[in-house]
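Okay, structure first, notes after.
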Amino acid sequence: NAGVTQTPKFRILKIGQSMTLQCTQDMNHNYMYWYRQDPGMGLKLIYYSVGAGITDKGEVPNGYNVSRSTTEDFPLRLELAAPSQTSVYFCASSFLDRDDNEKLFFGSGTQLSVL
Amino acid sequence: GDSVTQMEGPVTLSEEACLTINCTYTATGYPSLFWYVQYPGEGLQLLLKATKADDKGSNKGFEATYRKETTSFHLEKGSVQVSDSAVYFCALSDLGQGAQKLVFGQGTRLTINP
């Protein structure tokens with residue numbers, strides 16, 4: 001029962017490097033999300049997807065890209081890492097229950113430092 | 001825009017103490033209110049929620065009441081345990097909107113000492 005799996009858990013990048021944060025879920029959820037959490041701040045939505053092939057920007061999309069080629073996977077790409085992208089990144093997926101309530105499941109997070 | 005403000009942490013208590021973590025919000029509509037909890041090494045998970053004024057959400061001994069007049073949703077527990085040590089997030093979302101509309105507070109780290 002894996003749920004939402006994020007890799008890596010920790011990463012240090014140099015300014016200008018690129019990397020992909022992986023997120024996969026095994027619950028067949030249509031909705032997936034990427035959030036970032038800066039120290040002392042709430043989670044902010046970066047991008048989200050309502051199904052394979054469909055993505056949309058959240059509140060803080062600049063400097064990031066996403067793709068959703070399958071229902072299971074929702075990778076987040078940083079092309080030119082900047083110190084402002086130092087943060088903890090959370091992936092989440094969700095489904096609607098029989099009462100149309102959204103049930104959200106989070107991964108355990110990726111701590112990224114850009115130096 | 002909508003916002004959520006939580007009590008500053010970290011909070012440290014002894015086992016069996018009473019807990020209150022304050023949460024206030026500003027919103028233009030009539031939001032649903034949530035408390036999420038993140039245990040060490042795990043992702044956030046929903047603790048409880050309330051969808052309208054005067055509703056009380058409860059789970060695992062925690063309670064929170066939706067107070068429209070004071071725009072608050074304080075988290076309370078009468079007797080905390082070491083296993084309650086975690087980070088707690090208050091959040092809101094417009095009724096009927098998806099998680100893409102969730103607005104989170106900054107989180108409050110709670111440590112319970114035996």
Side-chain angles (χ1 to χ4, degrees), chain A residues 1-7 9-10 23-25 27 29-51 54-61 66 74 87-97 99-111, chain B residues 1-11 21-27 31-52 55 57 59 73 75 86-110:
Chain A
N1 191 11
V4 179
T5 303
Q6 289 183 236
T7 55
K9 292 192 182 301
F10 304 94
C23 176
T24 187
Q25 51 94 6
M27 298 172 282
H29 291 168
N30 284 324
Y31 285 70
M32 294 189 75
Y33 306 88
W34 273 107
Y35 294 91
R36 61 177 284 175
Q37 185 190 20
D38 300 330
M41 306 288 286
L43 279 70
K44 302 280 188 190
L45 184 65
I46 305 171
Y47 270 95
Y48 68 99
S49 169
V50 300
I54 306 170
T55 62
D56 210 344
K57 294 178 180 178
E59 184 181 356
V60 289
V66 293
F74 191 41
S87 192
V88 180
Y89 292 83
F90 291 99
C91 180
S93 70
S94 73
F95 77 101
L96 296 179
D97 68 13
D99 297 319
D100 260 358
N101 294 310
E102 186 169 14
K103 303 291 187 185
L104 199 59
F105 296 80
F106 281 86
S108 55
T110 295
Q111 189 165 323
Chain B
D2 295 353
S3 67
V4 175
T5 302
Q6 280 183 241
M7 174 178 177
E8 291 284 338
V11 174
I21 300 178
N22 291 335
C23 172
T24 57
Y25 68 90
T26 59
S32 295
L33 301 174
F34 307 85
W35 276 101
Y36 282 84
V37 59
Q38 184 185 23
Y39 298 106
E42 300 182 13
L44 281 75
Q45 54 187 276
L46 181 65
L47 179 61
L48 53 84
K49 71 174 187 180
T51 58
K52 61 183 188 296
D55 266 3
N59 187 22
F73 194 53
L75 183 67
V87 181
Y88 292 82
F89 295 88
C90 186
L92 68 78
S93 178
D94 284 341
L95 193 63
Q97 299 293 319
Q100 62 268 32
K101 298 296 185 184
L102 269 175
V103 176
F104 285 90
Q106 76 272 32
T108 301
R109 182 175 297 278
L110 174 67

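Remember, it's a predicted structure, so these values are computed and weren't measured experimentally. Within every chain, numbering begins at 1; the chains are lettered A, B, ... in the order of the sequence lines, protein sequences first and strands thereafter.
- With a threshold of 4.5 angstrom between heavy atoms, B/Q38 approaches chain A through side-chain atoms but not through N, CA, C or O.
- Neither the backbone nor the side chain of B/L46 has a heavy atom closer than 4.5 Å to any heavy atom of chain A.
- In this view, B/V37 and B/Y39, B/Q45, B/L47, B/A86, B/Y88 satisfy the side chain to side chain contact (heavy atoms under 4.5 Å, CB included) rule, not counting sequence neighbours.
- With a threshold of 4.5 angstrom between heavy atoms, A/E59 does not approach chain B through any atom at all.
- With rounding to the nearest 0.5 angstrom, the SG atom of B/C23 is 9.5 Å from the OH atom of B/Y25.
- Aromatic pair A/Y35/B/F104: ring centres closer than 6.0 Å.
- Not counting sequence neighbours, A/K57 has no partner by the salt bridge (Lys or Arg N to Asp or Glu O under 4.0 Å) test.
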